[in-house]
Amino acid sequence: MIRQVPFFKPLLDEEEEKAVLRILRSGWLTTGSETLAFEKEFADFVGAKYAFAVNSATTGLLLAMDACGVGAGTSVITSPYTFASTALSAVHLGANLVYADTNADDYNISPESVEKLLAKHHNVKAIIPIHIAGNVCKMQEICNIAKQYNVKVIEDAAHAFPAKTHDGFAGTLGDVGVFSFYATKTITTGEGGMVCTNDDSIAKRIKIMRMHGIDRSVWERYTSAKASWYYDVVEAGWKANLPDILSAIGRVQLSKANIMYAMRQKIAHEYNLRFSSEEALILPPDSVGNAWHLYLLRIVPDLLTVSRDELIVLLQEQGLGMSMHFIPHFELTYFKNQYKLDRVDFPNAYKHYANSMTIPLWPGMTQDDTEYVVETVLKIIARCKK
């Protein structure tokens, strides 16, 4: 029987179960004291002044962009090499998308490309870099460019927790950062996210807009001794809060974040060691503090008799859970039609896309799991070499 190694499996145990049961038995299920505690602990962990728990990183991006002035008649600069939600959050606010290419040697947005676009577009409100697979963008360059052109930097840090550079944690290096706690992320609440900032005005706006534009939280209204029933709607906000049940899971996961990070680092190191001698493979890009959320392995197509897609199928047939990060926006129907995107305008991003595949990497993978992934990849590559 063929061994199966899933693409991802969250590391959960009795601690998360007990945390959920504690909330169920408390009688308070929605956003309350548990979420407040989660926000404080997360802010302390990454060194941010403010942290706002949200029901997804997508709504977190929406809130962050709104708080930075993104809206109708404005533009944002981002990368086509990311999940659709990064761009769609701007679209839902009525903003225009301006796309920069990636770096030639990694999957992250190119500062040089960003600067060229800023020189041509004068209504840009924000640059949105994405730390693909946990590999941190060139944030110092991006922030310097943003300051020169007086635009905000909104970090899509969905892949980047707990990546830490010499300047601090990814997600705290720009004006505002958005983290994801989706089921496959480095820590998970099933669904959810966190928005972090050190900017008082951004924080004030997010706090209001996160819950229908109401001026007081549910927790405060129901626990305050004064006028607990009264509230006012001061803005047209959204419903983006994270309930206490998920926050309880998040607090436990946060306490294990460094342990799970070390597990991923160990597996990534083993992969790097074993794959480095295979000329038909290119190791993932690396940087200081790389979170190693994903392991994006690239092929050298001229050395193989099969395409990337055919190779993925062969690996899946051997029991490996495979994926691809990401299908760039210029390959997706909505973005191609709406923004007239063409792959020829993004040569670096297209090359990365055409030659990349994502192999299993998750905390809790056994040594046998890791060994099977390595042996299977090398065996199939050897079979398909010219």
Side-chain angles (χ1 to χ4, degrees), residues 4-48 50-60 134 157-164 169 171 178-196 210-211 217-224 239-267 291-293 321 360-370:
Q4 301 292 320
V5 180
F7 173 70
F8 185 84
K9 185 178 179 181
L11 189 60
L12 304 167
D13 58 30
E14 290 182 359
E15 290 182 77
E16 284 86 356
E17 291 180 16
K18 289 178 180 177
V20 170
L21 285 173
R22 175 170 53 80
I23 299 303
L24 290 175
R25 291 165 180 165
S26 75
W28 186 275
L29 305 183
T30 189
T31 305
S33 61
E34 194 75 11
T35 299
L36 291 173
F38 185 30
E39 290 173 335
K40 183 181 186 309
E41 290 164 5
F42 195 89
D44 290 345
F45 192 108
V46 299
Y50 301 100
F52 298 97
V54 288
N55 55 13
S56 72
T58 301
T59 55
H159 291 190
F161 185 73
K164 187 178 183 181
F169 281 90
V178 182
F179 299 86
S180 175
F181 305 141
Y182 181 64
T184 61
K185 294 302 188 288
T186 56
I187 68 170
T188 184
T189 57
E191 294 280 0
M194 193 76 73
V195 185
C196 290
R210 177 176 54 165
M211 192 63 174
S217 70
V218 174
W219 176 249
E220 183 185 358
R221 299 204 314 269
Y222 279 87
T223 58
S224 171
K239 176 145 175 71
N241 58 301
L242 190 72
D244 272 11
I245 293 177
L246 300 189
S247 292
I249 298 171
R251 292 182 70 191
V252 177
Q253 287 275 294
L254 182 62
S255 72
K256 301 175 181 178
N258 285 326
I259 295 171
M260 293 191 289
Y261 180 29
M263 291 177 176
R264 295 193 308 277
Q265 283 181 305
K266 183 180 179 181
I267 297 164
W292 288 114
H293 165 49
L361 171 61
W362 36 276
M365 278 181 70
T366 66
Q367 182 61 42
D368 287 344
D369 289 333
T370 305

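- A side-chain N or O of T366 and one of D369 form a donor-acceptor pair less than 3.5 Å apart.
- No donor-acceptor distance shorter than 3.5 angstrom exists from the side chain of T189 to the backbone of G250, with no hydrogens or angles considered.
- Under a cut-off of 6.0 angstrom, the local environment of OH in Y182 is sparse, with at most 12 non-hydrogen atoms contributed by other residues, nucleotides or ligands.
- The side-chain hydrogen bond (donor to acceptor under 3.5 Å, both in side chains) test applied to R264 returns no partner, not counting sequence neighbours.
- Heavy atoms only, all atoms of each residue included: A51 and C196 are closest at CB-SG, 3.9 Å.
- Nearest heavy atoms, L29 versus P243: O-CB, 3.5 Å.
- W362 approaches F7 most closely through the heavy-atom pair CD1-O, 3.1 Å.
- In this structure, the side chain of E16 does not engage the main chain of I249 through any donor-acceptor pair within 3.5 Å.
- With R210 contributing its side chain and L242 its backbone, the two residues share no donor-acceptor pair below 3.5 Å.
- Between the side chain of D244 and the backbone N or O of I23 there is no donor-acceptor pair closer than 3.5 Å.
- The side chain to side chain contact (heavy atoms under 4.5 Å, CB included) check on A257 picks up F45, F161, I187, with sequence neighbours excluded.
- Of the possible polar contacts, one joining the Q253 side chain to the T188 backbone as a donor-acceptor pair under 3.5 Å is found.
- A donor-acceptor pair is defined here as one N or O able to donate and one able to accept, closer than 3.5 Å; no such pair exists between the side chain of W292 and the backbone of L361.
- Between F181 and F38, the gap from one ring centroid to the other is short of 6.0 Å.
- Among the candidates T35, N241, T31, the single residue satisfying the side chain to side chain contact (heavy atoms under 4.5 Å, CB included) test with S247 is T35.
- Partners of E15 according to the side chain to side chain contact (heavy atoms under 4.5 Å, CB included) rule, which considers only residues two or more places apart in sequence or in another chain, are D13, V252, K256.
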